[in-house]
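Throughout, numbering of the chain's residues begins at 1 and tracks the sequence.
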Amino acid sequence: MAASPSVVPVALTTPGVPILSASGDFSNLREIKKQLLLIAGLTRERGLLHSSKWSAELAFSLPALPLVELQPPPPMTEEDAQDMDAYTLAKAYFDVKEYDRAAHFLHGCNSKKAYFLYMYSRYLSGEKKKDDETVDSLGPLEKGQVKNEALRELRVELSKKHQARELDGFGLYLYGVVLRKLDLVKEAIDVFVEATHVLPLHWGAWIELCNLITDKEMLKFLSLPDTWMKEFFLAHIYTELQLIEEALQKYQNLIDVGFSKSSYIVSQIAVAYHNIRDIDKALSIFNELRKQDPYRIENMDTFSNLLYVRSMKSELSYLAHNLCEIDKYRVETCCVIVYL
């Protein structure tokens, strides 16, 4: 299956959101840092916490900016001002996972930010109800039949907005997520590609796209924006597709241009070496990563696999104990414990 979106948006701006396009090179790391700090804030405001964390971590790996170069928050639109009270209240409810309550108070809001949080709250409410029903299900057949009942209704509403070209980059991202959850893979790929054009700095859209591309042929047909973010995407997807030589070259290039302190890149390189079974190299990098970021949990399941293969029982036991102290119920922690 090849993906070739028929619509590539021309505009890269959204009312209330500054220009977030990015050139295809790394010649100005100070500007890239500003963009990363800005998108970290915008994603955090919308409850997209994993994307916000990724952007903040990458920004942290670059030199600090002087006060005079720090950007003020993006200007508010009239719609933002009108929705501010409802958004502030709803975001407080959203943050404590009261998604239905958040959606109730956002209903009827017109600003892009409030509308996204309204739709995202409804989506997450459906996901939470699905998870609760799955836990209550009696057997595997029942568990497989549990669905997010909100998806079809969200698809209808977002589709209308999409056809009217009223979705900003965040709205396109959520529309793509809904389509993916409904197993409409081709449509989801098209929408995620569109989202990367409209809002190229949102890592979440790139990762969702990465998860739908299953081979190099599909990758060839993607009409991706010419942005430095594309390099991170290609490095990530090469790793996922087991194109390790290409992935390592991309990551080395990113280190060379100034991202040598990025814990994300270091961990991805370690995973790449794990995938080609260069155990000594992968172990060495993971050990360095642990010194650099000792409370990191991402990819520690991969690290534990290497320790298990090498029969490094004391190191594996220490890792499991350490991760349990940090967050005993994280998926990665549970995977590590299995190796004991």
Side-chain angles (χ1 to χ4, degrees), residues 49-61 97 127 131 134-135 137 139-140 143-144 203-204 206-208 210-214 232-256 259-340:
L49 301 184
H50 291 288
S51 292
S52 181
K53 183 176 78 168
W54 185 88
S55 301
E57 285 182 344
L58 200 60
F60 182 77
S61 71
K97 297 181 170 55
E127 287 293 288
D131 291 343
T134 300
V135 172
S137 297
K143 291 181 187 296
W203 181 239
W206 292 100
I207 282 293
E208 288 286 353
C210 181
N211 292 335
L212 295 176
I213 303 304
T214 56
F232 282 89
F233 165 76
L234 290 175
H236 191 99
I237 198 168
Y238 286 158
T239 304
E240 293 297 305
L241 296 178
Q242 302 300 316
L243 301 170
I244 303 303
E245 185 177 340
E246 293 93 328
L248 288 172
Q249 184 59 59
K250 286 288 183 184
Y251 284 125
Q252 187 59 52
N253 292 343
L254 291 170
I255 287 174
D256 291 343
F259 290 96
S260 60
K261 295 182 179 180
S262 168
S263 59
Y264 163 76
I265 291 178
V266 173
S267 68
Q268 286 295 107
I269 291 173
V271 169
Y273 278 113
H274 164 271
N275 290 353
I276 57 173
R277 311 314 294 167
D278 190 336
I279 297 176
D280 290 336
K281 186 74 171 177
L283 281 172
S284 174
I285 296 172
F286 269 123
N287 283 319
E288 286 301 312
L289 179 62
R290 292 273 291 164
K291 294 176 185 177
Q292 176 184 340
D293 194 355
Y295 293 94
R296 181 186 181 89
I297 296 182
E298 290 94 337
N299 305 122
M300 289 301 106
D301 49 341
T302 303
F303 183 33
S304 69
N305 176 258
L306 293 166
L307 295 173
Y308 177 79
V309 169
R310 278 294 164 89
S311 299
M312 301 172 71
K313 294 181 179 180
S314 60
E315 290 86 350
L316 181 57
S317 178
Y318 176 78
L319 176 64
H321 178 73
N322 182 238
L323 294 182
C324 282
E325 287 186 333
I326 299 170
D327 188 345
K328 67 168 65 176
Y329 297 117
R330 273 279 289 266
V331 173
E332 295 92 339
T333 302
C334 295
C335 290
V336 173
I337 293 172
V338 168
Y339 285 112
L340 290 177

**OP:** Provide the closest heavy-atom pair for D293 versus S263 in the form atom of the first, atom of the second, distance.
**Re:** OD2-OG, 3.7 Å
Subject >> Sub-4.5 Å side-chain heavy-atom contact between E332 and N299 >> reply: no
Original post:
Should I326 and M300 be marked as a side-chain contact (heavy atoms from CB on, under 4.5 Å) after you check the CA-CA gap, both sets of side-chain angles, and the distance that decides it?
Top reply: CA-CA 12 Å; I326 299 170; M300 289 301 106; over 6 Å; no
**OP:** Mind checking the CD-CG spacing from E246 to L241? Nearest 0.5 Å is all I need.
**Re:** 9.5 Å
**OP:** Would you check if the side chain of S51 reaches a backbone N or O of G204 as a donor-acceptor pair within less than 3.5 Å?
**Re:** yes
Original post:
Distance from H236 atom NE2 to K250 atom NZ, nearest 0.5 Å?
Top reply: 15.0 Å
Subject >> Main-chain N/O of S304 paired with E315 side-chain donor or acceptor, under 3.5 Å >> reply: no
Subject >> CG on D301 to CD1 on I337, rounded to 0.5 Å >> reply: 12.0 Å
Subject >> Residue pair L58 / S262: nearest heavy atoms and the distance that separates them >> reply: CD1-OG, 3.6 Å
Original post:
Got I255 and I269 here, is their nearest side-chain heavy-atom distance under 4.5 Å?
Top reply: yes
**OP:** Please tell me if the side chains of V336 and L316 come closer than 4.5 Å, counting only heavy atoms from C-beta onward.
**Re:** yes
Original post:
Looking at R296 and L323, what are the two nearest heavy atoms and their distance?
Top reply: O-CD2, 4.2 Å
Subject >> Side-chain donor/acceptor of S260 to backbone N/O of D256, under 3.5 Å >> reply: no
Subject >> Aromatic ring proximity Y264/W54, centre distance under 6.0 Å >> reply: yes
**OP:** Kindly compute the distance separating CG (N275) from CD1 (I244), expressed to the nearest 0.5 Å.
**Re:** 4.5 Å
Original post:
Side chains of L319 and R290: closer than 4.5 Å at any heavy-atom pair?
Top reply: yes
Subject >> Between OG1 on residue T333 and NZ on residue K328, distance to nearest 0.5 Å >> reply: 10.5 Å
Original post:
How long is the span from the CD1 atom in I279 to the CG atom in N305, to the nearest 0.5 Å?
Top reply: 8.0 Å
Subject >> Validation row: F233, C210 side chains within 4.5 angstrom (heavy atoms) >> reply: yes
Subject >> Where I265 and Y251 come nearest, the two heavy atoms and their spacing >> reply: CG2-CD2, 3.8 Å
Original post:
Any side-chain heavy-atom pair from R310 and D280 closer than 4.5 angstrom?
Top reply: yes
Original post:
Which is it for E288 and K291 under the side-chain contact (heavy atoms from CB on, under 4.5 Å) test, yes or no, and what are the steps along the way?
Top reply: CA-CA 5 Å; E288 286 301 312; K291 294 176 185 177; 3.5 Å; yes
Original post:
Any sub-3.5 Å donor-acceptor pair from N287's side-chain atoms to L283's backbone N or O?
Top reply: yes
Original post:
Hey, do the aromatic rings of F259 and F232 have their centres closer than 6.0 Å?
Top reply: yes
Original post:
Taking all non-hydrogen atoms of both residues, which atom of A320 and which atom of L340 are closest, and how far apart?
Top reply: CB-CD1, 3.6 Å
Subject >> Nearest non-hydrogen partners of N322 and P294, listed with the distance >> reply: OD1-O, 3.9 Å
**OP:** Check side-chain hydrogen bond (donor to acceptor under 3.5 Å, both in side chains) between E245 and all other residues, then give those that pass, not counting sequence neighbours.
**Re:** none
Subject >> Full working for side-chain contact (heavy atoms from CB on, under 4.5 Å) between Y318 and M312 >> reply: CA-CA 10 Å; Y318 176 78; M312 301 172 71; over 6 Å; no
Subject >> Partner set under side-chain hydrogen bond (donor to acceptor under 3.5 Å, both in side chains) for D327, not counting sequence neighbours >> reply: none
Subject >> Salt bridge flag under 4.0 Å for residues K53 and E298 >> reply: yes
Subject >> Stepwise side-chain contact (heavy atoms from CB on, under 4.5 Å) test for L306 and F286 >> reply: CA-CA 10 Å; L306 293 166; F286 269 123; 3.7 Å; yes
